[in-house]
**Q** 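Quick one: the structure is below, questions incoming.
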Amino acid sequence: CRDAIDGPCVLGKLACRVESAAAAQPLSRSRLLYITSLPPPDMTILVVGASSQIGYFLLHRLRRDGQPVLALSRQPAAAGDPLLRWQQGAIEALAPMQGLAAVVSFGPLQGLGQWLQRQQHAPAPVLVATSSMSILTKASSAQPAERAVVEQLQRGEALVQAQCQRLGMRWTILRPT
């Protein structure tokens, strides 16, 4: 995905808002670019949070399309598949990498940002990560715990964005509702 849309979109059945590095503000529908093909079949996609609800379905689709995947999850590996390499653990503990087709993360933004901080070179040309619409909808909450979550999300998004810019990576952050 090279760009994203402003406003609601659908990724599978996931309703979300999208912001992109391509603009300081969300993009308009007229600037929507569609994913037309997967990366070359010899390039691996890193999927962080591979056993999450969204990760599970993305893995299925990537494997169906013959795309090599490095799946990272805190959960044990699923059944063996030659296109799927499974690594159990947290993103913060993953060694620096290079030569990936893309990084897709459904895990904690802060951990992803910390992993990117340790990179000397971009691990992939593009990164897609999920955050939460709570960053907007709960920013003025009367509940201190909800405002703390918003602050954590804001710090995580800012760190990921800064590291992607430092590494010259295109990035997209999805905010599911």
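Computation of the quantities below employed the complete heavy-atom set of this structure, encompassing side-chain atoms and omitting hydrogens, waters and symmetry-equivalent molecules. The shown structure was predicted, so the numbers you read here are calculated from the model rather than taken from an experiment. For the single chain, residues carry numbers from 1 onward in sequence order.
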**Q** Taking all heavy atoms of I91 and all of G111, pick out the closest pair and write down the distance.
**A** CG2-C, 3.5 Å
**Q** Write down the atom of A139, the atom of V150, and the distance for their closest heavy-atom approach.
**A** N-CG2, 3.8 Å
**Q** Atom CE in M43, atom CD in Q67: separation rounded to 0.5 Å?
**A** 9.0 Å
**Q** Let me confirm one number: the CG-OG distance from L153 to S131, rounded to the nearest 0.5 Å.
**A** 4.5 Å
**Q** May I ask you to check whether over 12 heavy atoms, not counting those of Q98, lie within 6.0 Å of atom CD?
**A** yes
**Q** Considering non-hydrogen atoms only, spot the tightest contact between S52 and F106 and give its length.
**A** OG-CB, 3.6 Å
**Q** Over all heavy atoms of both residues, which pair between P123 and L167 is shortest? Give the atoms and the distance, please.
**A** CD-CD1, 4.2 Å
**Q** Are L94 and V160 grouped together when hydrophobic residues (ILVMFWY) are joined by side-chain heavy atoms under 4.5 angstrom apart?
**A** yes
**Q** Rounded to the nearest 0.5 Å, what separates atom CD in Q152 from atom OG in S134?
**A** 11.5 Å
**Q** Enter the distance from L58:CG to I54:CD1 here, rounded to the nearest 0.5 Å.
**A** 9.5 Å
**Q** Not counting sequence neighbours, which residues clear salt bridge (charged side-chain N to carboxylate O under 4.0 Å, His left out) with E151? List them please.
**A** none
**Q** Do L174 and T172 make a side-chain contact, defined as non-hydrogen atoms from C-beta onward lying under 4.5 Å apart?
**A** yes
**Q** Honestly curious: do L59 and Y56 fall in one hydrophobic cluster under the side-chain, below-4.5 Å linking rule?
**A** no
**Q** Considering all heavy atoms of both residues, which atom of A101 and which atom of V126 are nearest to each other, and what is their separation?
**A** O-CG1, 3.8 Å
**Q** Could you check whether any side-chain N or O of R147 sits under 3.5 Å from a backbone N or O of S141, counting only pairs where one atom can act as donor and the other as acceptor?
**A** yes
**Q** For the residue pair Q75 / S51, report whether a side-chain donor-acceptor contact shorter than 3.5 Å exists.
**A** no
**Q** Please identify each residue that fulfils side-chain contact (heavy atoms from CB on, under 4.5 Å) with Q114, with sequence neighbours left out.
**A** E92, Q110, Q117, L159
**Q** When you measure from the side chain of E146 to the backbone N and O of S140, does any donor-acceptor pair fall under 3.5 Å?
**A** no
**Q** Evaluate the side-chain proximity of T44 to R85: yes if any heavy-atom separation is below 4.5 Å, no if none is.
**A** yes
**Q** Tell me whether L136 is reachable from V149 by hopping between hydrophobic residues (I, L, V, M, F, W, Y) whose side-chain heavy atoms are closer than 4.5 Å.
**A** yes
**Q** Could you state whether L112 and L70 fall into the same hydrophobic cluster, counting links through intermediate Ile, Leu, Val, Met, Phe, Trp or Tyr residues with side-chain heavy atoms under 4.5 angstrom apart?
**A** yes
**Q** Looking at side-chain heavy atoms only, is the closest gap between L127 and S105 below 4.5 Å?
**A** no
**Q** Please check if the side chain of R166 supplies one atom and the backbone of L116 the other of a donor-acceptor pair under 3.5 Å.
**A** yes
**Q** What's the spacing between R155 CZ and L109 CG if we round to 0.5 Å?
**A** 11.5 Å
**Q** Less than 4.5 Å apart, side chain to side chain, heavy atoms only: is that true for V47 and S73?
**A** no
**Q** Out of curiosity, does M169 fall in the hydrophobic cluster containing M97 (side-chain heavy atoms, cut-off under 4.5 Å, transitive links)?
**A** yes
**Q** If you compare all heavy atoms of L72 against all heavy atoms of G89, which two are closest, and at what distance to 0.1 Å?
**A** CD1-O, 3.7 Å
**Q** Determine whether more than 12 heavy atoms belonging to other residues, nucleotides or ligands lie under 6.0 Å from atom CD of Q119.
**A** yes
